[in-house]
2 protein chains.
Amino acid sequence: MPNNQFKKGELYSFITGKASTAIARRLQKNFKLSGLDITIEQWSVLYHLWKEEGQSQQQLCDATFRDKPSITRLVDNLEKLKLVKRVPSKEDRRINLIYLTKEAIQLQERSMEVANQTLNEALNGVTNGQIEIAKEVLHTVYENLK
Amino acid sequence: MPNNQFKKGELYSFITGKASTAIARRLQKNFKLSGLDITIEQWSVLYHLWKEEGQSQQQLCDATFRDKPSITRLVDNLEKLKLVKRVPSKEDRRINLIYLTKEAIQLQERSMEVANQTLNEALNGVTNGQIEIAKEVLHTVYENLK
DNA sequence: TTGATGTAGTTGCATAAACAACTATATGCC
DNA sequence: GGCATATAGTTGTTTATGCAACTACATCAA
C-alpha cells in the first residue's frame, strides 16, 4: 500500500486525534460528575493494576504506552493520593512493584462504569461493524508506529 | 444504538488513544529528523493559518479544538519563534488577528510533506475502504462529544 | 447613556508529556 | 572477581493541557 495520498483536509484530524481528545475530556468530565477525583492518566495506570497488581513501573510503561519519567510521576501522584504503594522487589533491587490500596480497589467498579458509559456516549450512532473496522485500523496504526 | 457494551480489553485502547499518541510521536520525530524545529501542536496552529491567515485566536481555538489559554500560549511561543505576529483588529479591539511570517510560510511545504509521509507510515497495510470507515467513526465520535 | 450581559484574550495553578542526563543495580563475559 | 554493558527508576527542563479567575472591549436594551 505504497501510495495512501491524503487530501489536506483529511490529514489534519487524523493526525491531531481530535476524537481521542474529545473522549478524554468527556471521560474526565464524567469522572468529576460522578465524584471521582482522579485524572484519566491516573485512571489508565489503575486500569492495568486492577487487571494485575504488583507490576513493575517498566511493565506499566509498556502497558500504558508511556515513558519511564511519566510513570515515575504518575506513581508519585497516585502515592500522594494514597491509591498505590511502591514495594521494592526482593529479587531485583532496581525494581518497584506497584500495589493498590483499599481505596483504589474501591474505585474500580464505579470508574469502569463511567468509562463504559462514556464510550457509549462517544459511539452513539456507530454500528458494531464500523467499530470493529475502526479498532482494526487503530490497532494497525499502533503496530506500524510503536 | 443504546447498548454498545464493551469488553474490558477493548475499552482501554479506544479511550486512551494509543494510535493518535503513536502518530503524534512519530510526526514529532520525523519533524526533528527533517530539521524542522517545531512541536506538533505549533504545527497544528500553523496548519490552519496556512489555509487562511489573519484568523483570530478564537477561530484558532475552534479550528484546533483547543481552549483559549492553550492558544494564547501556543501563539506566545510561535511569536517567540518569529513564526507568527499578533495584529490587533481595527474593527474589534478585543481581537488579535494572527499572521504568518516569511519563515512560517517557508515551513509549509516541507512540513506538509513530512506529515503526509508520516501518515503513510501509519496507515501502511490499511485499505482505503477501511480508512474511510475509520474516519467516519472518528468523526462521529467527535461530533457526539465536542 | 448607562448598566447588564456576552465575548476575546490573558494569567495562575496543577497535572502531564517528551527528552536528556543521571544513579543504582543486575548481567554477562574475560 | 572485575569490568563493560544493559536495565529500572529518578530528576531537570521545556512545552502543553484543563480549569478558574480575571481584564478589556462590545452589544443590547431600558
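Everything quoted here is computed from the prediction, not taken from an experiment. Each chain gets a letter, A, B and so on, in the order its sequence line appears, and its residues count up from 1.
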Separation of C:dT7 C1' from B:Gln59 CD (nearest whole Å): 13 Å

ring-ring contact (aromatic ring centres under 6.0 Å, His included) contacts in which one or both residues fall within residues 125-146 of chain B, not counting sequence neighbours: B:Phe65-B:Tyr142

Pair A:Lys82 + A:Glu103, salt bridge at N-O below 4.0 Å: no

Counterpart residues, side-chain hydrogen bond (donor to acceptor under 3.5 Å, both in side chains), relative to B:Lys68 (two or more places apart): none

Touch class at under 4.0 angstrom, heavy-atom based, for A:Ile71 against every strand present: nothing

Nearest-angstrom distance from the residue atom CZ of B:Arg66 to P of C:dA16: 19 Å

Any pair counted as ring-ring contact (aromatic ring centres under 6.0 Å, His included), so long as it reaches residues 93-131 of chain A, sequence neighbours left out: none

Spacing between B:Lys68 atom NZ and C:dG12 atom P, to the nearest angstrom: 17 Å

Sugar-phosphate only, base, or nothing, as touched by B:Asp76 at under 4.0 Å among non-hydrogen atoms: nothing

Interface limits on DNA chain D, where chain A has a heavy atom under 4.0 Å of a nucleotide atom: D:dA6 to D:dA20

Inter-axis angle, terminal five-pair segments of the helix from C:dT1-D:dA30 to C:dC30-D:dG1 [nearest 10°]: 10°

Most 5' of A:Gln57 and B:Ile40 on DNA chain D, judged by nearest nucleotide: A:Gln57

B:Ile98 CD1 to C:dG9 P, straight-line distance once rounded to whole Å: 7 Å

Residues forming a side-chain contact (heavy atoms from CB on, under 4.5 Å) with A:Asn77, sequence neighbours excluded: A:Gln42, A:Lys80

Sorted by number, the residues of residues 21-29 of chain B with heavy-atom contact under 4.0 Å to DNA chain D: none

Sidechain N-carboxylate O distance under 4.0 Å for B:Arg110, B:Glu113: no

Working for salt bridge (charged side-chain N to carboxylate O under 4.0 Å, His left out), residues A:Asp62 and A:Lys146: CA-CA 10 Å; A:Asp62 299 337; A:Lys146 77 176 176 195; over 6 Å; no

Student check: side-chain heavy atoms of B:Gln106 and B:Leu100 closer than 4.5 Å: no

Counterpart residues, side-chain contact (heavy atoms from CB on, under 4.5 Å), relative to B:Gln59 (two or more places apart): B:Gln55, B:Ser56

Separation of atom CD in A:Glu41 from atom C1' in C:dA14, rounded to whole Å: 12 Å

Nucleic acid footprint by protein, nucleotides 20-26 of chain C - heavy-atom cut-off 4.0 Å, B for base, S for sugar-phosphate alone: B---BBS

Donor-acceptor contact below 3.5 Å, side chain B:Trp50 vs main chain B:Ala104: yes

Atom-pair distance (CG on B:Asp67; C1' on C:dG12), nearest Å: 14 Å

Which residues share a side-chain contact (heavy atoms from CB on, under 4.5 Å) with A:Thr16, sequence neighbours left out: A:Tyr12, A:Lys18, B:Ser44

For A:Ser34, side-chain hydrogen bond (donor to acceptor under 3.5 Å, both in side chains) partners two or more places apart: none

Whole-Å distance separating the CG atom of B:Asn96 from the C1' atom of C:dT7: 13 Å

Any A:Asn77 side-chain nitrogen or oxygen under 4.0 Å from OP1 or OP2 of C:dA16: yes

Summary of ring-ring contact (aromatic ring centres under 6.0 Å, His included) pairs that have at least one residue in residues 116-135 of chain B, sequence neighbours excluded: none

Sugar-phosphate only, base, or nothing, as touched by B:Thr39 at under 4.0 Å among non-hydrogen atoms: sugar-phosphate

Stepwise side chain to side chain contact (heavy atoms under 4.5 Å, CB included) test for A:Leu145 and B:Glu121: CA-CA 7 Å; A:Leu145 300 182; B:Glu121 292 174 39; 4.1 Å; yes

Interatomic distance where CZ belongs to B:Arg73 and P belongs to C:dT10 [whole Å]: 10 Å

Nearest-nucleotide 5' precedence on DNA chain D, B:Gln42 against A:Thr72: A:Thr72

